Amino acid sequence: MPELPEVENARRCLVQAGLPGRTFTGANIGWARTVKKPGLEDFVLGLTGGRVKAAHRRGKYILLPLENPDWPAERTLILHLGMTGGLSVQPKTQAAHPMVRHSFPLDDGRELRFQDGRKFGKLWLVDDPQEVLPALSPDPLEKDFTLEYLVDALAGRNAPIKALLLEQSIAAGMGNLYADEALYLSGINPMRPGSELSADEVARLRASMVDALTAGVALYDQSRIDNWPDPPRALTTWTIPRQKGDACLRCHGPMEVTRIRARSTWFCPRCQV
DNA sequence: AGTACGTCCTGATCGC
DNA sequence: TGCGATCAGGACGTAC
């Protein structure tokens, strides 16, 4: 699933492919419901002629600010990859992966391709990203994701810590796999109510979150996957065993799986207390 | 307000 | 062997 490291890799691939500097000459939307704002027609017309200024990431969102001298103001194309989304920049003449749902032709003979098998991806075109971006936490890889911040965010929250880690307002960029990984690394049981974690445990958890995400980004850096995920693939950047019958790497006892908020949650009942 | 659950989607996998 | 059922989960809407 695209979580923070995967989205960051996708963003870097866009930069590496030279998307910034190119201009959209149109948009082919193959599944209208993916466009969340504005309406489909205004979306297509609104980004046509926009020159990509940069490629940013906020949590799991990719932001492409667009400029055009005839526009009164800059606009921003916002993309969310959902669970099966991936981006690539390829020549229009190159055969597209069958799961490519949308394409955005560029002024250099190539096009930005958005593949999205399960159609959980989302697209917006807005004047101000704050219009649509939910309340996201500080980026876990930036300095403002402090221990004080996380302690405060968990205060008074009685939901299982695993469920809280999936809230983008608490930890933007964490998904199911990295949440399990961070809890595994820090030895914290995923079912513990968030408010019951000690200050020391929150500190360990925060460090593990940063470690896991940093390791993920670094692994992609070492072996950058061009046009990820076309074909779909992802690096295994986590260490937690999450296969049926797997043993814990520390105590060698059996890993257990449960469901929290309808999400598979793997943990070691002995090492995670 | 906080918490829980249904919904959207389809490819992959499972079980009979 | 084949086919229907189940699983996978990011984020939002709704309900309690």
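Naming: A, B, ... by sequence-line order, numbering from 1 per chain. Note that the coordinates shown come from a computational prediction; the quantities given were computed from them, not determined experimentally. Computed over heavy atoms, backbone and side chain alike; hydrogens, waters and symmetry mates excluded.
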Quiz item: Looking at the side chain of R118(A), which of dA8(C), dA11(C), dC8(B) is the nearest nucleotide?
Solution: dA8(C)

Quiz prompt | Separation of dG10(C) P from L81(A) CG (nearest whole Å) | solution = 12 Å

Self-check item: Residue F120(A), side-chain heavy atoms: nucleotide from dG11(B), dG2(B), dG10(C) that is nearest
Solution: dG10(C)

Quiz item: Taking CG from L165(A) and P from dA11(C), how many angstroms apart are they, rounded to a whole number?
Solution: 13 Å

Quiz item: In whole angstroms, how far is the P atom of dC9(B) from the CZ atom of F114(A)?
Solution: 14 Å

Quiz item: Does R263(A) place a side-chain N or O at less than 4.0 Å from the phosphate oxygens OP1/OP2 of dA8(C)?
Solution: no

Practice problem: Could you say whether K244(A) or K119(A) is positioned toward the 5' end of DNA chain B, judged by the nucleotide with the nearest heavy atom to each? | Solution: K119(A)

Quiz item: Looking just at side-chain N and O atoms, do S103(A) and N28(A) make a donor-acceptor pair shorter than 3.5 Å?
Solution: yes

Quiz item: Rounded to whole angstrom units, what separation is found between the CZ atom of R157(A) and the P atom of dA4(B)?
Solution: 10 Å

Quiz item: Is the distance from OP1 or OP2 of dA11(C) to the nearest side-chain N or O of K60(A) less than 4.0 Å?
Solution: yes

Practice problem: Take atom NZ of K122(A) and atom C1' of dC9(B), then tell me their distance rounded to the nearest Å. | Solution: 11 Å

Self-check item: Side-chain N,O (Q168(A)) to OP1/OP2 (dG10(C)) below 4.0 Å
Solution: no

Exercise. Kindly point out which of dC9(B), dA11(C), dA8(C) is positioned nearest to the side chain of R259(A)?
Key: dA8(C)

Quiz item: Which residue, W124(A) or A262(A), contacts DNA chain C at a nucleotide closer to its 5' end, judged by nearest heavy atom?
Solution: A262(A)

Practice problem: Would you please say whether a donor-acceptor pair under 3.5 Å links the side chains of E181(A) and T239(A)? | Solution: yes

Quiz item: Between atom CG in N158(A) and atom P in dA4(B), what is the gap in whole Å?
Solution: 9 Å

Exercise. Please check the phosphate of dA11(C) (OP1 and OP2 only) for any side-chain N or O of H80(A) closer than 4.0 Å.
Key: yes

Quiz item: Looking at V273(A), V202(A), L183(A), which one forms a side-chain contact (heavy atoms from CB on, under 4.5 Å) with I188(A)?
Solution: L183(A)

Exercise. Examine R22(A) relative to F104(A) and say whether NZ or CZ is less than 6.0 Å from the centre of the six-membered ring and inside a 45° cone about the ring axis.
Key: no

Quiz item: Choosing from dC9(B), dC5(B), dC12(C), which nucleotide comes nearest the side chain of R261(A)?
Solution: dC5(B)

Quiz item: Between Y61(A) and W124(A), is a ring-ring contact (aromatic ring centres under 6.0 Å, His included) present by the stated rule, with each step listed?
Solution: CA-CA 11 Å; Y61(A) 295 79; W124(A) 301 262; 5.8 Å; yes

Quiz item: Rounded to the nearest Å, what distance is computed from the CZ atom of residue R58(A) to the P atom of nucleotide dA11(C)?
Solution: 13 Å

Practice problem: Output the single nucleotide from dC12(C), dC8(B), dT3(B) whose closest atom is nearest the side chain of Y61(A). | Solution: dC12(C)

Self-check item: dC9(B) OP1/OP2 closer than 4.0 Å to side-chain N/O of W31(A)
Solution: yes

Self-check item: R101(A) CZ to dC8(B) P, straight-line distance once rounded to whole Å
Solution: 17 Å

